[in-house]
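Each remark here refers to the structure printed beneath this line.
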Amino acid sequence: MATDEINKEPGQKQPSKGRREALKTLATVPVLGALAYGVYKKQKQERTGRNIPDIFPVSKEGASFLEPAADGKQIRLGIIGFGIRGKQLLRAAGFAEPSWIDSMIEGNKNNRNDNRYQQYLEQDDLNVVVNGVCDIFDVYSEDAVLAGSNINKEGSNGKYGKAPKRYRHYKELLAADDIDAVIIATPDHWHSTMTIDAARAGKHVYVEKPLSWTVPETYEVRKVVKETSIVFQLGHQGRQTDCYQKAAEIIGKGLLGPVNLIEVCTNRNSPNGAWVYDIIEGASPQTIDWKQFEGDPERIKEYTDYMMKYGLERYIGPEDRSKFSLERFFRWRCWWDYSTGLSGDLLTHEYDAVNQIMKVGIPHSATSSGGVYFFKDGRTVPDVLRTTFEFPDQNMTMLYSATLASSRNRGKVFMGHDASMEVSNILEVTVDGDSTRYAEKIRQGIIPTEDPFYTYVPGQNSSDSVTSPTELYFAKRGLLYTYVNGKRYDTTHLHIREWLECIRQGKTPSCDIDQAFEEAMTAHMGTRAYLEGRTIYWDKDKEEIVRGELS
């Protein structure tokens with residue numbers, strides 16, 4: 001049987017050969033193809049959504065965000081860590097390296113749909129100044145100084161402002177009188193230590209996820225942040241994603257029925273996606289402060305004591321921490337000596353989305369399995385992981401599965417008795433054929449059960465421009481951009497903006513220290529379950545991790 005016959009729906013008239021060829025041609029033209037897809041989506045929504053207001057009462061409004069104060073004072077920033085994420089965070093605050101601007105301008109010349117530079121120029125002015133930068137790699141520090149002085153958002157031949165001061169040690173930056181708040185984008189094993197020191201120095205903190213590297217420091221950082229009353233934001237920019245806020249509304253109204261199973265995932269398939277990052281030219285023992293990179297001695301002792309106590313020496317890196325290594329410096333995520341692995345680096349994005357949407361809190365238990373199955377490069381963290389989190393108080397299980405050697409696309413799926421919801425950069429709700437709530441409408445043929453009944457596309461009207469598999473991964477999950485009143489925004493920009501406005505307005509950010517504590521403990525439970533080969537439990541009354549029997 002011909003392919004066209006196989007694909008033909010019952011009662012559908014087969015297009016002529018000429019029209020089939022025209023459709024094939026249309027599909028090869030990116031812009032027209034996008035337009036055609038947009039028309040299809042609009043028709044589909046109109047076709048399936050005629051009775052939505054009565055049957056599926058969701059609001060038409062998009063996400064709501066904290067608006068900037070009209071008379072907000074200027075905030076003086078410092079940044080600690082200017083690697084991959086540090087650069088992205090400072091751009092989100094309005095300061096980019098001139099070389100990056102050059103590449104964006106060139107990208108637009110080569111592809112008129114690549115509008116990243118224009119979107120960067122259209123970011124809100126956050127009324128901040130960068131007064132201090134710190135990175136232990138000279139090349140990164142020099143880049144940070146250039147970015148911080150690039151007040152006009154120009155390329156290599158631009159006119160720059162006053163250069164921020166470069167600090168060799170982060171504690172020197174924290175002691176500066178002309179810095180109000182800091183952005184921390186260092187390796188995982190420094191997050192809590194630097195946050196604690198910054199809070200004690202009276203600086204407001206935006207720190208990248210995860211909150212902590214070890215369990216003991218998780219309690220300490222929460223205590224210090226609360227005692228000092230600084231404004232704290234953890235770097236989960238998904239808090240600004242329109243689809244997540246719409247999903248929370250749908251869950252809150254009970255439109256899915258009781259949700260008993262959630263599946264979230266990580267799928268990547270490239271060395272970059274598996275943290276095998278480039279080794280930057282100019283890196284050497286002379287340009288990198290390796291002693292400072294090693295970590296805080298107190299945290300290292302916590303980590304080592306835990307590994308030794310439970311016979312996990314095999315997960316400690318084969319090399320001495322004091323031995324200089326370019327691979328370890330640029331690819332630190334591959335070793336438990338500095339990293340929190342898949343749980344802390346990528347599961348936390350998925351968990352925080354679920355926690356934002358359903359307010360699940362810390363799970364009752366975690367059970368994990370996996371291993372290093374593809375990237376046999378000496379890493380100690382797994383490249384395949386599966387973790388089951390149980391929430392018996394909510395009659396629910398959350399499954400996390402990850403592979404760094406397959407790019408099969410999978411979204412977040414919330415499975416309810418009456419409908420399932422898949423959330424990524426769009427949101428789709430499909431009614432269950434055995435639903436109780438919608439049974440009569442299904443019988444009447446008003447609600448379809450084979451295709452999504454409700455689709456939410458938050459204002460997307462331009463082509464995506466991503467430059468790596470990692471960017472594509474985050475774009476599909478709505479973690480690169482979202483839409484506010486029809487305008488496209490970088491979610492990281494909105495997350496930084498929210499933090500700054502909370503400093504100005506005396507408010508609490510969406511991913512505050514309490515949300516961060518829940519994220520950190522959940523990730524630690526998943527990690528410890530993997531390392532120890534047993535189910536790990538959470539005693540919510542004592543706020544302690546409890547070990548189960550070995551599996």
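Worth saying up front: this structure is predicted, and the values here are computed from it rather than measured. Residue numbers start at 1 and run along the sequence shown.
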Task: Residue Asp177 excluded, over 12 heavy atoms near CG under 6.0 Å - done: no
- [ ] Mind running side chain to side chain donor-acceptor pair (under 3.5 Å) on Ser401 and Arg386 for me, showing each step along the way?
- [x] CA-CA 4 Å; Ser401 60; Arg386 187 203 68 182; over 6 Å; no
- [ ] Please answer whether the main-chain N or O of Thr348 pairs with a side-chain N or O of Thr522 as donor and acceptor at a distance below 3.5 Å.
- [x] no
Open item on the list: With heavy-atom distances below 4.5 Å as the criterion, would you say the side chains of Ile496 and Leu89 are in contact?
Closed with: yes
Task: More than 12 heavy atoms of other groups within 6.0 Å of Lys253 NZ - done: yes
Open item on the list: As a quick check of understanding, evaluate side-chain contact (heavy atoms from CB on, under 4.5 Å) for Arg504 and Ile75, giving each step before the final call.
Closed with: CA-CA 8 Å; Arg504 293 186 177 107; Ile75 293 176; 3.8 Å; yes
Open item on the list: I'd like to know if the side chain of Asn108 reaches the main chain of Asn115, judged simply by a donor and an acceptor atom lying under 3.5 Å from each other, with no hydrogens or angles considered.
Closed with: no
Task: Any donor-acceptor pair under 3.5 Å from Arg239 side chain to Ser510 backbone - done: yes
TODO: Indicate the ring-plane relationship of Tyr206 and His495, choosing parallel, tilted or perpendicular according to the 30° and 60° boundaries.
DONE: perpendicular
- [ ] Return the minimal non-hydrogen interatomic distance between Val231 and His204, and the atom names on each side.
- [x] N-ND1, 2.9 Å
Task: Nearest-0.5 Å distance that lies between atom CE in Met358 and atom CZ in Phe391 - done: 9.0 Å
- [ ] Looking only at non-hydrogen atoms, find the nearest pair between Arg497 and Leu66 and report the distance.
- [x] NH2-O, 3.5 Å
Task: Distance (rounded to the nearest 0.5 Å) between Glu208 CD and Ile80 CD1 - done: 13.5 Å
TODO: For the pair Asp143 (side chain) and Phe82 (backbone), establish whether a donor and an acceptor sit closer than 3.5 Å, ignoring hydrogens and angles.
DONE: no
TODO: Would you mind reporting whether Val128 and Gln74 have side-chain heavy atoms less than 4.5 Å apart?
DONE: no
Open item on the list: How about NZ on Lys165, more than 12 heavy atoms from neighbouring residues, nucleotides or ligands closer than 6.0 Å, or not?
Closed with: no
Task: Derivation of the salt bridge (charged side-chain N to carboxylate O under 4.0 Å, His left out) call for Asp514 and Arg222 - done: CA-CA 8 Å; Asp514 292 323; Arg222 181 180 64 170; 5.3 Å; no
TODO: Would you please say whether a donor-acceptor pair under 3.5 Å links the side chains of Thr266 and Arg410?
DONE: no
Open item on the list: Please check: side-chain N/O of His191 versus main-chain N/O of Pro210, any donor-acceptor pairing under 3.5 Å?
Closed with: yes
- [ ] Give a yes or no on whether the backbone of Phe414 and the side-chain of Glu422 come within a donor-acceptor separation of less than 3.5 Å.
- [x] no
Task: Salt-bridge criterion met for Arg76 and Asp180 (N-O under 4.0 Å) - done: yes
Task: Min side-chain heavy-atom separation Cys134-Leu173 under 4.5 Å - done: yes
TODO: May I ask you to check whether Phe330 and Tyr277 place their ring centers less than 6.0 Å from one another?
DONE: no
Task: Reported CG-to-CG distance for the pair Leu77 and Leu126, which is rounded to 0.5 angstrom - done: 9.0 Å
Open item on the list: For Leu255 and Asp418: C-alpha separation, side-chain torsions, deciding distance, then whether side-chain contact (heavy atoms from CB on, under 4.5 Å) applies.
Closed with: CA-CA 7 Å; Leu255 300 179; Asp418 294 304; over 6 Å; no
Open item on the list: Measuring only between side-chain heavy atoms, which start at C-beta, is Thr195 closer than 4.5 Å to Phe232?
Closed with: yes
Task: Pair Asp114 + Lys109, salt bridge at N-O below 4.0 Å - done: no
- [ ] Establish, from distance only, whether the side-chain atoms of Ser156 and Asp102 form a donor-acceptor pair under 3.5 Å.
- [x] yes
Task: Donor-acceptor pair, side chain of His189 and main chain of Phe293, under 3.5 angstrom - done: yes
Task: Minimal non-hydrogen separation, Tyr400 against Cys265, with atom names - done: CE1-C, 3.9 Å
Task: Atom pair OG1 (Thr186) and CG (Asp135), whose distance is rounded to the nearest 0.5 Å - done: 9.5 Å
- [ ] Find out whether Ser59 and Lys246 are in side-chain contact, i.e. whether some heavy atom of one side chain is under 4.5 Å from a heavy atom of the other.
- [x] yes
Task: Side-chain touch Tyr120/Lys153, heavy atoms, less than 4.5 angstrom - done: yes
Open item on the list: For Arg91, is there an ion pair with Asp490 - N to carboxylate O distance below 4.0 angstrom?
Closed with: no
Open item on the list: Heavy-atom count check: over 12 atoms from other residues, nucleotides or ligands less than 6.0 Å from Glu281 CD?
Closed with: no
Task: Ser212 side chain to Thr218 side chain, donor-acceptor N/O pair below 3.5 angstrom - done: yes
Task: Considering all heavy atoms, the nearest Pro164-Ala144 contact - done: CG-O, 4.3 Å
Task: Minimum heavy-atom distance Trp499-Val182, with the two atoms named - done: CH2-O, 3.6 Å
TODO: Write down the atom of Asn150, the atom of Ile101, and the distance for their closest heavy-atom approach.
DONE: ND2-CG1, 4.1 Å
Open item on the list: Within the supplied structure, the quantity of interest is the number of heavy atoms (other residues, nucleotides, ligands) at a distance under 6.0 Å from Asn110 CG; does it exceed 12?
Closed with: yes
Open item on the list: What's the separation between atom CZ in Arg116 and atom CG in Asn111, rounded to the nearest 0.5 Å?
Closed with: 9.0 Å
Open item on the list: Looking only at the side chains, is there a donor atom on one of Glu518 and Asn355 sitting less than 3.5 Å from an acceptor on the other?
Closed with: yes
Open item on the list: Do Gln119 and Gln123 pair up side chain to side chain, a donor and an acceptor below 3.5 Å, judged on atom types alone?
Closed with: no
Open item on the list: Please tell me whether His236 and His349 form a close aromatic pair, meaning their ring centres lie under 6.0 Å apart.
Closed with: yes
Open item on the list: We want to know whether Ser339 and Arg333 form a side-chain donor-acceptor pair, criterion being a heavy-atom distance below 3.5 angstrom.
Closed with: no
Task: Euclidean distance, Trp275 CH2 relative to Asp345 CG, rounded to 0.5 Å - done: 5.5 Å
Open item on the list: Are the side chains of Lys412 and Met421 in contact, using a 4.5 Å heavy-atom criterion?
Closed with: no
Task: Side chain proximity check, Tyr456 to Asp242, heavy atoms < 4.5 angstrom - done: yes
Open item on the list: Would the distance check show the side chain of Thr241 and the main-chain N or O of Tyr244 forming a donor-acceptor pair, the cut-off being under 3.5 Å?
Closed with: no
- [ ] May I ask you to establish whether Lys87 and Tyr140 are in a cation-pi arrangement, using a distance under 6.0 Å from NZ or CZ to the six-membered ring centre and at most 45° from the ring axis?
- [x] yes
TODO: Give a yes or no on this: more than 12 heavy atoms of other residues, nucleotides or ligands lie within 6.0 Å of atom CZ of Arg85.
DONE: yes
Open item on the list: Under the criterion side-chain contact (heavy atoms from CB on, under 4.5 Å), I'd like the reasoning laid out for Val225 against Ile230: C-alpha separation, chi angles, the key distance, then a yes or no.
Closed with: CA-CA 6 Å; Val225 167; Ile230 63 158; 4.2 Å; yes
Open item on the list: Under a 3.5 Å distance rule, please check whether Arg200 uses its side chain to pair with a backbone N or O of Val224 as donor and acceptor.
Closed with: no
Open item on the list: Keeping Asp188 on the side-chain end and Trp213 on the backbone end, is there a donor-acceptor pair under 3.5 Å?
Closed with: no
